[in-house]
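Some notes on the structure that comes next.
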Amino acid sequence: KSMLFLGFLLVFLSLALPGTQGKIIPRCEMVKILRRNGFQGFEGTTVADWMCLVKYESSYDTKAYNNNGPSRDYGIFQINSKYWCNDGKTPGSKNACHISCSKLQDDNIEDDIRCAKKIAREAHGLSPWYGWKNHCRGKDLSSFVRGC
């Protein structure tokens, strides 16, 4: 009986906190989001570049998290706590996007988009992202946007 109640409680809690789970954004939905937010041509990049970046950085998962030791990466764009967001545990964090890192892990990616664009604007491209540098730079990325 108590296990049944516990199961009910877990289901109830997961429904009661809709903004907290994060989600995997389907490929074509992500393409639409990037197009709608002006990523095509932004700092010389394409939507396909950003799609490849997101695939290799977070697998389209809004709650992605990676612990690098001295700093951590958060959210769909894997934004780093040393420079861009504040997670309360990164010494000397610059917090250049003026945002709590936890806000980069919810399913609302508007703030993530603003910060990712700030990073790309300052770097004049996508070189800060190792996922993009190692897997996407200089490759044919048309498959990332095909059919969307």
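In this chain, numbering begins with 1 at the start of the sequence shown. Not measured: the values here are computed from a predicted model.
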Nearest 0.5 Å please: distance from the [atom1] atom of [X] over to the [atom2] atom of [Y].
X	Y	atom1	atom2	answer
H98	R114	NE2	CZ	12.0 Å
I79	I99	CD1	CD1	7.5 Å
L104	T62	CG	OG1	10.5 Å
K82	D73	NZ	CG	13.0 Å
T45	L34	OG1	CG	9.0 Å
S71	D87	OG	CG	8.5 Å

side-chain contact (heavy atoms from CB on, under 4.5 Å) between I25 and V54, worked out: CA-CA 10 Å; I25 299 180; V54 166; over 6 Å; no
Residues D49, T46; criterion side chain to side chain donor-acceptor pair (under 3.5 Å); working and verdict: CA-CA 5 Å; D49 277 309; T46 65; 3.1 Å; yes
Using every non-hydrogen atom in the two residues, find where [X] and [Y] come nearest and quote the distance to one decimal.
X	Y	answer
C97	K118	SG-CD, 3.8 Å
G131	E57	N-OE2, 2.8 Å
A64	S58	CB-CB, 3.6 Å
Q78	N66	OE1-CB, 3.3 Å

Worked check of side-chain contact (heavy atoms from CB on, under 4.5 Å) between Q40 and R35: CA-CA 6 Å; Q40 184 61 38; R35 285 179 177 150; 5.6 Å; no
From CA spacing to verdict: side-chain contact (heavy atoms from CB on, under 4.5 Å), F39, I113: CA-CA 9 Å; F39 280 86; I113 285 170; 3.6 Å; yes
So does [Y] get a backbone contact from the side chain of [X], meaning a donor-acceptor N/O pair under 3.5 Å?
X	Y	answer
D61	K63	yes
R27	R146	yes
K133	S127	yes

SG atoms of C85 and C101 less than 2.5 angstrom apart: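 A disulfide, yes.
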Side chain proximity check, Y60 to M51, heavy atoms < 4.5 angstrom: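 SC-SC contact between Y60 and M51 confirmed.
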Pairing residues for E43 by the side-chain contact (heavy atoms from CB on, under 4.5 Å) criterion, not counting sequence neighbours: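 Per chain and number, E43 pairs via side-chain contact (heavy atoms from CB on, under 4.5 Å) with R121, H124.
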Set of residues satisfying side-chain contact (heavy atoms from CB on, under 4.5 Å) with respect to S102, sequence neighbours excluded: S100
For a quick test of your reading: what N or O donor-acceptor pairs under 3.5 Å do the side chains of residues 134-141 make, sequence neighbours left out?
from, atom 1, to, atom 2, distance (Å)
N134, ND2, Y130, O, 3.2
D140, OD1, S142, N, 3.0
D140, OD1, S142, OG, 2.8

Greater than 12 external heavy atoms within 6.0 Å of Y83's OH: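 No, because the 6.0 Å sphere around OH of Y83 holds 12 heavy atoms or fewer from other groups.
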Heavy atoms from other residues, nucleotides or ligands near NZ of K117 exceed 12 (cutoff 6.0 Å): yes
Test side-chain contact (heavy atoms from CB on, under 4.5 Å) applied to M30 and K55, step by step: CA-CA 10 Å; M30 191 69 202; K55 162 96 169 90; over 6 Å; no
Candidates W50, W84, Y56 - the one meeting ring pair (Phe, Tyr, Trp, His ring centres under 6.0 Å) with W129: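 Output: one option passes, namely W50.
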